[in-house]
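Working notes for the structure below.
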Amino acid sequence: MAQIAERLASLRSQLPPSVQLIAVSKNHPATAIREAYAAGQRHFGENRVQEAIAKQAELTDLPDLTWHLIGPLQSNKVRKAVEHFDWIHSVDSWALAGRLDRIAGELGRSPQICLQVKLLPDPNKAGWDPVDLRADFSQLSQLQHIQIRGLMAIPPLGLTPAETQALFAQAHTLASELQQQAPQLKLTELSMGMSNDWPLAVAEGATWIRVGTQLFGPRSPQ
Ligand SMILES: *Cc1c(COP(=O)(O)O)cnc(C)c1O
């Protein structure tokens, strides 16, 4: 398990200060999170609300963890997600954003969110295509309770590194364009890059990388 600390140190040493690391702990036990915490890691990413809640219950002695939801969020889990996560990276529709905003208001919380974009057609991934996002953005930018902080992008499988990097660059351009449309928002975040492609994302201005396998090793099946 000392491995986790070593892998963290090695990864961190490669990141510029503008990039924050989310340790993706999905399918790994709370003990793995504890190891990473002991090595200084504070931001953790989970894909499933229930799985995260179970781990949080085991980690109540660690007060300063920040939890990021990075997986698809079903509408019936929105309330729990708002209660249990500080960041939600996977907001992929106007309906979900509106619901999050309403429930955040009811709960008196103001989660930070990223809008998930799909820059190439990908049947396996959710997200706005840029045309639809531009169309929805003026009403998104009016929401009062959630804080829209940036974009999340996940490239489809099977791209070349050059294609992947170009897609990250497109995400950056789109975020800058949206920021100009809504100067009242602080759209400073680009959540992009995973174990196999984070250097390309960092080269294109990622501010959050979401890394699981490279830190925790292969995931056991769900
Ligand atoms: C699982 C997952 C990651 C981490 O993937 P690794 O390849 O294990 O680094 C990052 N982002 C999302 C959305 C994920 O589902």
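Whatever order the structure lists them in is the order used to number ligands and atoms, beginning at 1.
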| Can we say Asp129 and Arg134 salt-bridge, meaning some charged N sits less than 4.0 Å from an Asp/Glu carboxylate O? | no
| field | Arg219 and ligand 1 - part of the residue with a heavy-atom distance under 4.0 Å | value | side chain
| said: How far is atom 11 (N) of ligand 1 from the closest protein heavy atom, and which atom is that? | reply: Arg210 NE, 2.9 Å
| query | What protein heavy atom is closest to atom 9 (O) of ligand 1, reported as residue, atom name and distance in Å? | reply | Ser195 OG, 2.5 Å
| field | Interfacing atoms of ligand 1 (cut-off 4.0 Å, heavy-atom, Val211) | value | 9 (O)
| said: Quick test of your reading of the model: are Glu106 and Arg79 salt-bridged, counting only N-O distances below 4.0 Å? | reply: yes
| query | Could you walk me through whether His145 and Ser110 pass the side-chain hydrogen bond (donor to acceptor under 3.5 Å, both in side chains) check? | reply | CA-CA 5 Å; His145 303 291; Ser110 48; over 6 Å; no
| note | atom 5 (O) of ligand 1 has as its nearest protein heavy atom Met194 CE, 3.6 Å
| request: Run the salt-bridge test on Lys55 and Glu46 with the 4.0 Å N-O cut-off and return the result as yes or no. | output: yes
| note | The atoms of ligand 1 lying under 4.0 Å from a heavy atom of Thr213, numbered in the order shown, are 6 (P), 7 (O), 8 (O), 9 (O)
| message | Closer than 4.0 Å to some heavy atom of Asn47 - which atoms of ligand 1 meet that? | response | 14 (C), 15 (O)
| query | His89: heavy atom below 4.0 Å from ligand 1, yes or no? | reply | no
| message | Are more than 12 heavy atoms, taken from residues, nucleotides or ligands other than Gln14, located less than 6.0 Å from that residue's CD atom? | response | yes
| task | Consider every N or O of Gly212 and every N or O of ligand 1, then say whether any pair is closer than 3.5 Å. | result | yes
| Should you measure from each heavy atom of Ile154, which atoms of ligand 1 turn up under 4.0 Å away? | 13 (C)
| query | Are Trp128 and Asp92 close enough that a side-chain donor and a side-chain acceptor fall under 3.5 Å? | reply | no
| query | Which protein non-hydrogen atom lies closest to atom 13 (C) of ligand 1, naming both residue and atom, and how far is it? | reply | Ile70 O, 3.4 Å
| request: Please answer: with hydrophobic residues joined when any side-chain heavy atoms are less than 4.5 Å apart, are Val117 and Leu73 in the same cluster? | output: yes
| field | Residue that, paired with His68, satisfies side chain to side chain donor-acceptor pair (under 3.5 Å) out of His43, Gln112, Arg210 | value | His43
| request: Could you tell me how the ring of Trp67 sits relative to the ring of Phe44: parallel (under 30°), tilted (30 to 60°) or perpendicular (over 60°)? | output: tilted
| Short N or O distance, Gln214 and ligand 1, threshold 3.5 Å exclusive | no
| message | For Asn196, state whether at least one heavy atom is located under 4.0 Å from any atom of ligand 1. | response | no
| Heavy-atom nearest neighbour in the protein, as seen from atom 15 (O) of ligand 1, with distance rounded to 0.1 Å | Lys26 NZ, 2.7 Å
